[in-house]
Visitor: 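My questions will all concern the structure given below.
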Amino acid sequence: MESVSPHSAVRTRFAPSPTGYLHIGGVRTALFNWLLSKQTGGQFILRIDDTDAARNQQEALAPILEGFRWLGIQWDEGPEIGGPHAPYFQSQRLARYQQEVARLLANGSAYRDFARPEELAAERAVAEREKRDFVYSRRWMAETDAQARQFESEGRVSVVRLKIPRQGNCTFTDLVRGEVSVQWSREQDHVVQRADGTCLYHLASVVDDFDFQITHVVRAVEHLSNTPRQIFIAQSLGYPLPQYAHIPFVAEPGSKVKLSKRKIEQYLKNPDFKKMVEHGSRIAQQLGLRTSPETFNPVLIDFYKTVGYLPDAILNYLLLLGWSLDDKTEDFTREEMIRVFSLERVVKSEASFDPKKLMAFQQKHMARLSVEERTTRVMPFLLGAGLLREPLDSSQTALVSQLVAAAGDRIAVAGDVLQFDDFFAADEDVPYDQAAFNKRLVQPHEAGFLLNEYRKILTSIPEFDAASLEMAFTQFCQNMNIGAGELVHPLRVAVTGKSVG
RNA sequence: GCCCCCUUCGUCUAGUGGCCUAGGACUCCGGGUUCUCAGUCCGGCAACAGGGGUUCGAGUCCCCUAGGGGGUACCA
């Protein structure tokens, strides 16, 4: 192994399993890790936890990498870019894990266990019936080769289990939760190596954290109870312990239950969440994308990319989900986030995901962008929906620029530009809002007359600029002795087909 | 079942014994501004889970109760 680095740079890691897509809760965990390493000039490592071959799909890795790339969370070591400790895939590091399992076995902190699954299940059942904690009897533990041969002759196969102490406490300091202490007797003799020789997560994770010289393990609370057994492994192997920080998970809207991508149907009952999905779906539809809840889902980061959210807005929102700087600061640029983030100010309780507040951040960040920047962001959507075609000439760009400027904050996410699709349509194709048509043009009997008169005025205007039009408009209303609204509404419907400007 | 954790406005949060008649943000509701909508500006509603202690004084410390959550795999 390399010697421990002399400087105090923080090395953190995010270790997704390629079993799904990039979960928004995972992004927040990764964000905290990334921030922490960057503020000390350290490294953020992406490690792929794919020890369970049965559950992993290789194609699910691409969306994860793509998600981080889009968000601008660049990993310093990991897939595609490698690094001094490559490979960063657990599935490719088996030999190393087996080597460490052998050391565990050799120094007596692990043992080969020949119990059959049904024998273990029976012991468990007894414990449950007697309402006590299950503690393995170690009846099929082989501590000598002779014992092992004996069990093998009975046709048994072995796994490797940790020989967890049955007395005393495991105490450690967690950077967000303070001192944590659990009794060793509550821990099981966890399996670290399967019968087929492959290794399990806890062992792999501890070995990798050591090999990769991870200084801070920042992960979601569901791993808190895993920590004692990992500490046991690390200490048995003579590794220095990293700092631990267990952050609360991101919960469902209006609830404290962990957000899950499988429960989208349930979340749709939440009005805000539903609104968010519908808004996104409209845009996806205009882009000609076929959406299924499985892939087009606000729990997954791909949703935001598809619809045109700003990565900075998402990061800003996620940063404030379970962390705060003080009693008022809410807006952070990336540089500011990196500078001021601290684990000490992470809250202990779960934070529920609030679509409305995310949108508020999105609008704020969008409004901060110049017209040029917004135009750039909006272009791919116009192209994607077929409203514009490449190559673009400068007049088209100018047109979009004008539209973006006029639309102002009606374009909250980049995909919102598609609601102005008729702007790009030929005149005869302008679709009419039937309800508005009735209300403004058919119902008010004077509407036709007014519009006709107004048209006569317009034909007499020499210059067709905004100022002249405005003057003509005001004058006309005065002359006809009508309120502005009496003309403005019918006029808009007649020209744009819509009821709002 | 057992073990562990969490609990301030609807939501995200500030708060580390007196600065709290509890602050900010989002949402919502009024009002001003605007040719409509949006926006913007001003204003407003809204919380310390409950009960016992400790203390001159408790959102802040301790205990109990309740509620919520996580874990309990040859998953990660």
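What you see is a predicted model; the values in this text were computed from it and never measured. Heavy atoms only: backbone and side chains are in, while hydrogens, waters and symmetry mates are out. Here is the naming used below: chain letters follow the sequence lines, and residue numbers restart at 1 for every chain.
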Visitor: Expressed as a whole number of Å, how far does the P atom of B:U55 sit from that of B:G44?
Guide: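 My reading of the P atoms in B:U55 and B:G44 gives 40 Å.
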Visitor: Please measure how far the C1' atom in B:C45 lies from the corresponding atom in B:G51, and state the result in whole Å.
Guide: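 Going atom to atom, C1' in each nucleotide, I get 29 Å.
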Visitor: Expressed as a whole number of Å, how far does the P atom of B:G32 sit from that of B:G24?
Guide: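 The same atom, P, in both gives a distance of 24 Å.
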Visitor: Which value, in whole Å, describes the distance between the C1' atoms of nucleotides B:C48 and B:C42?
Guide: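 Result for the C1' pair: 29 Å, nearest Å.
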Visitor: Flag the pair A:Asp49 and A:Arg47 as a salt bridge only when some basic side-chain nitrogen lies within less than 4.0 angstrom of an acidic carboxylate oxygen.
Guide: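 Yes.
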Visitor: Strictly by Watson-Crick or wobble contacts shorter than 3.5 Å, is anything paired with B:G43, and which nucleotide is it?
Guide: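 When the pairing criteria are applied, B:C29 turns out to be the nucleotide that pairs with B:G43.
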Visitor: Base, sugar-phosphate, or nothing: which does A:Val347 touch, judged by heavy atoms less than 4.0 Å apart?
Guide: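 Contact class for A:Val347: sugar-phosphate only.
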Visitor: Partner lookup for B:A66, please. Criteria are Watson-Crick or G-U wobble with both distances under 3.5 angstrom; report none if nothing qualifies.
Guide: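 Per the H-bond distance test, B:U7.
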Visitor: Should A:Arg282 and A:Asp416 count as an ion pair when the cut-off is N to O under 4.0 Å?
Guide: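 Salt bridge between A:Arg282 and A:Asp416, a charged N being under 4.0 Å from a carboxylate O: no.
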Visitor: Base, sugar-phosphate, or nothing: which does A:Ala351 touch, judged by heavy atoms less than 4.0 Å apart?
Guide: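 Sugar-phosphate, no base atom in range.
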Visitor: What integer number of Å spans the C1' atoms of B:C75 and B:A58?
Guide: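 Taking atom C1' in both B:C75 and B:A58, they lie 45 Å apart.
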Visitor: Less than 4.0 angstrom from a charged side-chain N to a carboxylate O is my criterion; do A:Arg96 and A:Glu100 meet it?
Guide: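 Salt bridge flag = yes for A:Glu100 with A:Arg96.
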Visitor: Listed by chain and number, what are the side chain to side chain contact (heavy atoms under 4.5 Å, CB included) partners of A:Asp272, not counting sequence neighbours?
Guide: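 Per chain and number, A:Asp272 pairs via side chain to side chain contact (heavy atoms under 4.5 Å, CB included) with A:Asn270, A:Pro355, A:Lys356.
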Visitor: Taking the P atom of each, how far is B:A46 from B:G10, in whole Å?
Guide: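 10 Å, rounded to whole Å.
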Visitor: Is it possible for you to check whether A:Arg161 lies under 6.0 Å from the centre of the six-membered ring of A:Tyr136, through NZ or CZ, and within 45° of that ring's axis?
Guide: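 Yes.
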Visitor: Which one is paired to B:G1, where only Watson-Crick or G-U wobble pairs with both distances under 3.5 angstrom count?
Guide: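 Pair assignment: B:G1 / B:U72.
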Visitor: Taking atom C1' in both B:G23 and B:C9, what distance in whole Å separates the two?
Guide: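 These two C1' atoms come out 12 Å apart once rounded.
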Visitor: Output one letter per nucleotide in nucleotides 21-28 of chain B: B when a protein non-hydrogen atom lies under 4.0 Å from the base, S when only the sugar-phosphate is that close, - when neither is.
Guide: --BBBSS-
Visitor: Taking only the C1' atom of each, what is the distance from B:A22 to B:U13 in whole angstrom?
Guide: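 My reading of the C1' atoms in B:A22 and B:U13 gives 13 Å.
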Visitor: Produce the list of close N/O pairs, under 3.5 Å, pairing protein atoms with atoms of nucleotides 69-72 of chain B; give distances to one decimal.
Guide:
from	atom 1	to	atom 2	distance (Å)
B:G71	O2'	A:Ser225	OG	3.0

Visitor: Using the ring of each side chain (for Trp, its six-membered ring), is A:Phe341 parallel, tilted or perpendicular to A:Phe32, with breaks at 30° and 60°?
Guide: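 Tilted, since the angle between the ring planes falls between 30° and 60°.
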Visitor: What's A:His246 touching, base or sugar-phosphate or nothing? Going by heavy atoms closer than 4.0 Å.
Guide: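 Answer is nothing: A:His246 stays at 4.0 Å or more from every strand.
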Visitor: Below 3.5 Å, does any donor atom in the side chain of A:Arg410 face an acceptor in the base of B:C37, or the other way round?
Guide: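 It does, because a donor-acceptor pair links the side chain of A:Arg410 to the base of B:C37 below 3.5 Å.
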Visitor: Which part of the nucleic acid does A:Arg219 contact within heavy-atom distance under 4.0 Å: base, sugar-phosphate only, or nothing?
Guide: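 Nothing, no nucleic acid heavy atom in range.
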